[in-house]
Amino acid sequence: MAVAIAIWSLDLVPGKEEVVMPEADVRISNASLGEQLADKDGRTVVKISYSKSADESDEEEDAEEEPSIASFVLCSLTGGKAENAQVNLILEAETAYKFELVGKNPVSLSGNYIDQINSDQPPLDGSDFDSDEDDAYDLRDVSSDVEMHPDDLDGVDSDASRFEEVEEGVEGATKPSKRTREVDDADKEPKAKTDKKNKKLKKENGEAVPVGKGELAEQEKKEKEEKKEKKEKKEKTAKTNQEVKELPGGLKYQDATIGTGPQAKKGDKLQMRYIGKLMNGKVFDKNVKGKPFTFHLGGGEVIKGWDQGLAGMRVGGERTLTCPPNLAYGKSGNPTIPGNSTLIFEVKLLAIN
């Protein structure tokens, strides 16, 4: 069974071929003549061509031969008589299809991107709705792949830190001298390491304190632990349970984590993780691993509750949306959601493109 996840459309112009390679499976459900007709009584045919793979060819053909091109007519439309046609054609993801018109009138195709789920797999069979596995998902435990905000770079170790000044708080830390330290032939070391020892360990009078490799390693370990504690404290401060807020129209949202990245605004392409539940706690859909779910905010590609409830959310943030039926799937519902259902989404904003 297929579940519609976003709107798809394609406008065809006579005399111009259109090659389409969809990123996800697409179901074409409708074909209609354009708003302006060049030939009000004329007939226009929608023709589709695609590469026919070896296993679709005749058994007698050699399997090593290049795939042949297959063509067929999707529909035929006539001005003033049959200007619209209901169709049911699925275009497979990452497969090239060529569309062309025979006739003088433009044609508009429409349908949906779809997620094809086998009927014996959750959530369609209903057997896993009450399982512990669905309840065990917590977006806070999901790898977010979030692009690191510049403010968080304080806690990241890199090779460049070998040549940075010691942080305030390390007793006796001073800037390295610009003059080269003279060493005996038996005590030669790389200049970077020698300078680092001079910076890190000095007496109050500025005289260098001799150290061994073990002491230096211990000093570096201590600095890394301090940076780690500072980063964890900052992340903990960012996590807070905010009050439930309600927007006009009935949408409610509550932030579990305030992100530290940029804010989402209309037109942005968002990358999301989410878990969708009914009011009784049953999970009807989720994206918690693999390729994130992406869409353009405010473009009508998702339910109204998402377009309204994700505006202003920051990258790295986690939020719970409670969407009433009028901002979700309304009276009709869909194959996995009953009509007039209030839906709860636990969402996590991974990135903005």
Side-chain angles (χ1 to χ4, degrees), residues 1-121 124 269 271 285 287 290-296 299-302 334-335 353:
M1 183 174 292
V3 178
I5 57 176
I7 297 174
W8 177 92
S9 63
L10 177 65
D11 292 327
L12 302 176
V13 179
K16 182 180 178 181
E17 297 179 350
E18 291 285 350
V19 177
V20 175
M21 182 178 290
E23 297 180 358
D25 291 348
V26 170
R27 173 187 285 151
I28 303 177
S29 56
N30 187 74
S32 62
L33 293 178
E35 295 182 4
Q36 303 295 329
L37 302 184
D39 186 356
K40 295 183 178 181
D41 301 321
R43 178 171 174 265
T44 303
V45 174
V46 180
K47 184 179 178 182
I48 302 177
S49 302
Y50 66 99
S51 296
K52 192 175 182 182
S53 59
D55 57 352
E56 292 178 316
S57 305
D58 295 335
E59 295 181 359
E60 296 179 358
E61 295 182 359
D62 188 351
E64 295 183 358
E65 293 182 359
E66 295 184 358
S68 59
I69 302 300
S71 300
F72 64 92
V73 172
L74 176 64
C75 63
S76 176
L77 304 172
T78 304
K81 294 182 180 180
E83 298 188 355
N84 183 78
Q86 299 295 319
V87 297
N88 187 6
L89 175 67
I90 294 179
L91 307 181
E92 295 182 350
E94 300 181 356
T95 300
Y97 299 88
K98 183 178 73 174
F99 292 79
E100 55 186 323
L101 298 180
V102 179
K104 299 180 180 181
N105 292 323
V107 174
S108 178
L109 303 178
S110 61
N112 296 92
Y113 287 100
I114 59 173
D115 185 8
Q116 301 197 68
I117 306 175
N118 295 330
S119 59
D120 59 346
Q121 297 295 322
L124 298 182
K269 185 178 181 181
Q271 296 186 25
D285 193 14
N287 180 313
K291 184 178 180 181
F293 174 71
T294 60
F295 73 100
H296 291 88
E301 299 175 1
V302 293
N334 70 22
N353 299 119

Of Asp25, Ile114, Leu10, Val26, the residue whose pairing with Leu91 passes side-chain contact (heavy atoms from CB on, under 4.5 Å)
Val26

State, to 0.1 Å, how close Ser49 and Glu100 come at their nearest heavy-atom pair, and which atoms those are.
OG-OE2, 4.1 Å

Start with the C-alpha distance between Ser108 and Leu12, add both sets of side-chain angles, then the distance that settles side chain to side chain contact (heavy atoms under 4.5 Å, CB included), and finish with yes or no.
CA-CA 6 Å; Ser108 178; Leu12 302 176; over 6 Å; no

Under 30°, 30 to 60°, or over 60°: which ring-plane class applies to Tyr97 and Tyr50, parallel, tilted or perpendicular?
tilted

So which heavy atom on Ser76 is nearest to which on Arg43, and how close?
OG-NE, 2.9 Å

Atom NZ in Lys98, atom CD in Glu17: separation rounded to 0.5 Å?
4.0 Å

My understanding is that only residues two or more places apart in sequence, or in another chain, count here; which of them pass side-chain hydrogen bond (donor to acceptor under 3.5 Å, both in side chains) with Gln86?
Asn30

Ser32 and Asn84: which non-hydrogen atoms are nearest, and at how many Å?
CB-OD1, 3.4 Å

Smallest separation among heavy atoms of Gly103 and Pro14, with atom names:
O-CB, 3.4 Å

Criterion side-chain contact (heavy atoms from CB on, under 4.5 Å) against Arg27, the qualifying member of Val87, Ile90, Leu89
Ile90

Hey, does Asn105 have a side-chain heavy atom less than 4.5 Å from the side chain of Leu77?
no

Picking from Asp11, Val20, Leu74, what satisfies side-chain contact (heavy atoms from CB on, under 4.5 Å) with Leu109?
Leu74

Applying ring-ring contact (aromatic ring centres under 6.0 Å, His included) to Phe99 and not counting sequence neighbours gives none

Under 3.5 Å, is there a donor-acceptor pair between the side chain of Asn88 and the main chain of Ser29?
no

Nearest non-hydrogen partners of Gln271 and Pro292, listed with the distance:
OE1-CG, 3.9 Å

With a 4.5 Å heavy-atom cut-off, do Val19 and Met21 have their side chains touching?
no

Specify the closest pair of heavy atoms between Lys47 and Ser71, including all atoms of both residues, with the distance to one decimal.
CE-CB, 3.8 Å

Backbone N/O of Leu33 and side chain of Glu83: donor-acceptor pair under 3.5 Å:
no

Contacts of Lys16 meeting salt bridge (charged side-chain N to carboxylate O under 4.0 Å, His left out) (sequence neighbours excluded), chain-then-number -> Glu18

Within a strict 4.5 Å, meaning less than it, do heavy atoms of the Val102 and Thr44 side chains meet?
no

From Thr294 atom OG1 to Asn353 atom CG, the distance as rounded to the nearest 0.5 Å
8.0 Å

